Amino acid sequence: MDAAAGLAPAYELWQMSRLCVSAIDQLVYPQGGSDVGVRFIDGSWTRWKVGDATKLASRFRGERKPVREDTLTPQQQQRVAELVANPPLSIARSVGRVLPDTEPPTLELLPDGIVAVELRVPLSNGTDRTLTRYLSPSGTDVLPKDPVK
């Protein structure tokens, strides 16, 4: 068990080429949840519970494309540096304090040209918080036209 995160370790059960997957669709249920249906080219399918179904499905469809920081506009690069240096998080003292971020942020280009910035911010209690911001080309915080997690 990963004591820091409170999770059991993950083990790979099997693998297959991405070319064998024909689609990943978010499954909607009345009680909510974050499930996807993974359809394979042979017509079979499986249901998976994932952390963020919308994000996984949009990545598979190519609606979110990873980008490098050096491809961002200078204004976006400056805003990313500000977010990394001083993440705007409100953390209760009982949870701990924000520690310096040692991992680079995840950057993805959305269909409307907005860049999604995702930071995993470490806390002194051994956990982390995820901070997501959406940046326009001018580096200002915005919401995407059709919010994609």
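Only a predicted model underlies this, so the values are computations on that prediction, with no experimental measurement involved.
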Using the rule that Ile, Leu, Val, Met, Phe, Trp and Tyr join whenever any side-chain heavy atoms are under 4.5 Å apart, tell me whether [X] and [Y] fall into a single cluster.
X	Y	result
I41	W14	no
W45	V36	no
M16	I24	yes

Could you pull out the closest heavy-atom pair between [X] and [Y], with the gap in Å?
X	Y	result
R133	P88	NH2-CG, 3.5 Å
P87	V84	CD-O, 3.8 Å
V115	Q76	CG2-NE2, 3.5 Å
V142	L135	CG2-C, 4.1 Å

- Query: Is the number of heavy atoms from other residues, nucleotides or ligands under 6.0 Å of R120 CZ greater than 12?
  - Reply: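 No.
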
- Sub-3.5 Å donor-acceptor pair from the side chain of R18 to the main-chain atoms of F60, do we have one?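 At least one qualifying donor-acceptor pair exists.
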
- Item | Donor-acceptor under 3.5 Å (T46 side chain, V38 main chain) |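 Looks like no, no N/O pair under 3.5 Å.
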
Looking at [atom1] of [X] and [atom2] of [Y], how far apart are the two atoms once the value is rounded to the nearest 0.5 Å?
X	Y	atom1	atom2	answer
R79	S136	CZ	OG	10.5 Å
E108	S58	CD	OG	7.0 Å
R64	L107	CZ	CG	11.0 Å
E82	Q78	CD	CD	5.0 Å
R47	D35	CZ	CG	4.0 Å
K55	E118	NZ	CD	3.0 Å

- Contacts of A81 that satisfy side-chain contact (heavy atoms from CB on, under 4.5 Å) - sequence neighbours left out: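 So A81 forms no side-chain contact (heavy atoms from CB on, under 4.5 Å) with any residue.
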
- Message: Would Y134 and V117 count as a side chain to side chain contact (heavy atoms under 4.5 Å, CB included) here? Give the steps.
- Response: CA-CA 6 Å; Y134 299 95; V117 179; over 6 Å; no

- Query: Taking it one step at a time, do R129 and L123 satisfy side chain to side chain contact (heavy atoms under 4.5 Å, CB included)?
  - Reply: CA-CA 7 Å; R129 295 283 165 93; L123 303 178; 3.7 Å; yes

- Minimum side-chain heavy-atom gap T130-V121 below 4.5 Å: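 T130 does not reach V121 side chain to side chain.
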
